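Everything on this sheet refers to the single structure shown next.
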Number of protein chains: 2
Amino acid sequence: MTGMPRKALATEAEPSEMALESLVGYNLKRAYVILQNDYRAVMGEHGLSPRVFSALTFVVETPNLTQSDLARRLGIERSGLVAIVDELEGRGYLRRVAVPQDRRVQALSPTDAGVQAYEAALTLVHAHEDRMLQTLDAGERDQLLHLLKKIRETGE
Amino acid sequence: MTGMPRKALATEAEPSEMALESLVGYNLKRAYVILQNDYRAVMGEHGLSPRVFSALTFVVETPNLTQSDLARRLGIERSGLVAIVDELEGRGYLRRVAVPQDRRVQALSPTDAGVQAYEAALTLVHAHEDRMLQTLDAGERDQLLHLLKKIRETGE
DNA sequence: TATTGTTATACTCTATAACTATA
DNA sequence: TATAGTTATAGAGTATAACAATA
């Protein structure tokens with residue numbers, strides 16, 4: 001005998017009736033999970049994770065970046081950044097460079113391979129976002145970015 | 001001697017120039033983290049976590065809900081739901097009720113205390129969202145919900 | 001054979017605390 | 001004293017695989 005059909009017990013409720021559906025936080029999380037899952041699928045098993053890609057972007061775009069700078073910009077602790085920088089260094093995408101003026105510090109310098117990997121990854125990310133946001137027109141996409149930045153400004 | 005001043009090494013780059021700033025995924029994650037941190041602060045150290053609150057909402061609003069139903073609706077695995085239901089049962093907010101028609105199943109039935117806890121938590125969550133979204137007018141908030149739901153529809 | 005609830009296990013992400021070397 | 005980078009450790013949150021009971 002086959003198992004019970006889906007939803008045999010639970011009464012079907014219109015999603016729009018659910019209190020959760022009118023909460024921004026709940027919808028934000030669901031959308032975030034969907035985007036992240038597709039991101040990982042697009043980047044592949046050995047691709048850069050979201051946080052490593054973000055870190056590489058800062059390293060490529062910001063000259064003379066230190067780890068403490070980067071941690072602050074990413075909004076994480078210095079300790080958590082070590083593994084991220086280790087991975088990027090292990091892939092040959094950046095070097096830890098000694099800074100004579102302050103020997104506590106090591107500046108993060110992108111390699112040529114790191115710049116190329118960043119550009120290749122960015123192309124994949126753009127394709128991923130275009131596909132995930134295909135039901136939004138250009139105006140809606142700008143509006144979404146604008147509203148998300150407003151939330152960021154409130155909390156940062 | 002005090003340490004180096006902030007940003008002594010890294011050149012300041014306008015955030016709007018960064019490639020990350022035009023990515024929906026990056027802004028979605030940053031906004032999600034901000035909302036989640038405030039949520040946890042509002043709910044308190046012993047408050048319901050986001051996933052437990054979401055689960056309680058489904059239990060209160062959906063009669064005769066089973067664990068498999070709930071896992072599917074939350075978008076997580078059945079195995080991951082056990083700890084969530086254990087916590088809600090431990091707090092006295094729901095009961096696992098045997099279902100005579102199918103003895104594999106235990107329906108999740110909210111207690112009076114569970115309904116009260118849900119309503120109290122929902123009030124806190126609404127206050128939290130009103131504060132975090134204070135810079136958005138009613139139209140912007142509706143638009144944000146609309147756009148997030150569009151992303152959910154694309155990926156579910 | 002398939003499904004429900006469950007346990008065991010592992011992996012990712014992140015935080016806190018403490019250490020060292022420098023300032 | 002304070003900061004930069006690091007290590008050790010722990011806690012969420014989630015996934016996969018396997019199991020017993022039941023369909």
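Proteins get letters first, then strands, A, B, ... in listed order; numbering begins at 1 in each. Nothing here was measured: the structure is a model prediction, and the numbers come from that model.
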Between CG of Leu81(B) and P of dT3(C) the distance, given in whole Å, is 18 Å
Separation of dT3(C) atom C1' from Asp102(B) atom CG, nearest Å, is 8 Å
Exercise for review: Say whether Arg96(B) and Gln67(B), considering side chains only, have a donor N or O and an acceptor N or O under 3.5 Å apart.
Suggested key: yes
When rounded to whole Å, the CD to P distance for the pair Gln106(A) and dT3(D) reads 19 Å
Between CD of Glu87(A) and P of dC11(C) the distance, given in whole Å, is 15 Å
From CG of Leu74(A) across to P of dT14(C) the rounded distance in Å is 9 Å
>> If you go through the side-chain atoms of Arg104(B), does one of them form a donor-acceptor pair with the base of dT3(C) closer than 3.5 Å?
In response: yes
Here the distance between atom P of dA20(D) and atom CZ of Arg78(B), to the nearest Å, is 15 Å
Closest of dG13(D), dA15(C), dT6(D) to the Ile76(A) side chain is dA15(C)
In terms of hydrophobic clustering (I, L, V, M, F, W, Y; side-chain heavy atoms under 4.5 Å; direct or indirect links), are Val24(B) and Ile34(B) co-clustered? yes
From CD of Glu45(B) across to P of dT16(C) the rounded distance in Å is 13 Å
From CD of Glu77(A) across to C1' of dA10(D) the rounded distance in Å is 15 Å
Margin query: Angle between ring planes, Phe53(A) versus Tyr39(A), binned at 30° and 60°: parallel, tilted or perpendicular?
Written below: tilted
Quiz item: Ser79(B) side-chain donor-acceptor pair to dT16(D) base, under 3.5 Å: yes
